[in-house]
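In what follows, a single structure is set out as structure tokens and then discussed.
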Amino acid sequence: MKRVIYWLPLGLVPETKDKIMKRFGLHGISINGETNADDVKPEDIPILEETERRGFFTIRMKPD
């Protein structure tokens, strides 16, 4: 399974999205509003999950 972030279309400020992507080392957003998050460091997963709980995005697990 691969971890994918789905950015919620709630009018997230672009600067905030950029800061989140930089913090976790994420790159690119697909046409479907998804970003591959497989490269997030294991020690950063709890922080990534907390960011999800705060409503910036949802984490989806997809088959490889």
Within the supplied structure, the quantity of interest is the number of heavy atoms (other residues, nucleotides, ligands) at a distance under 6.0 Å from Asn32 CG; does it exceed 12?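 Yes, the 6.0 Å shell around CG holds more than 12 heavy atoms from other groups.
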Count the heavy atoms of every other residue, nucleotide or ligand shown that sit under 6.0 Å from CZ of Arg53, and state whether that count exceeds 12. yes
Heavy atoms only: give me the nearest Asp38-Arg3 pair and the separation to one decimal. OD1-N, 2.7 Å
In Å, rounded to the nearest 0.5 Å, how long is the span from [atom1] of [X] to [atom2] of [Y]?
X: Thr16; Y: Phe56; atom1: OG1; atom2: CZ; value: 6.0 Å
X: Leu8; Y: Lys17; atom1: CG; atom2: NZ; value: 9.5 Å
X: Lys2; Y: Asp64; atom1: NZ; atom2: CG; value: 7.0 Å
X: Ile20; Y: Arg54; atom1: CD1; atom2: CZ; value: 10.5 Å

Kindly determine whether His27 and Asn36 satisfy side-chain contact (heavy atoms from CB on, under 4.5 Å), including the steps that lead there. CA-CA 8 Å; His27 304 283; Asn36 183 1; over 6 Å; no
Under a 4.5 Å cut-off applied to non-hydrogen side-chain atoms, are [X] and [Y] in contact?
X: Glu34; Y: Ile5; answer: no
X: Phe24; Y: Ile45; answer: no
X: Val4; Y: Thr35; answer: no
X: Arg23; Y: Ile47; answer: yes
X: Trp7; Y: Thr58; answer: no

If the threshold is 4.0 Å, N to carboxylate O, is there a salt bridge linking Glu15 and Lys19?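 No, no charged N to carboxylate O under 4.0 Å.
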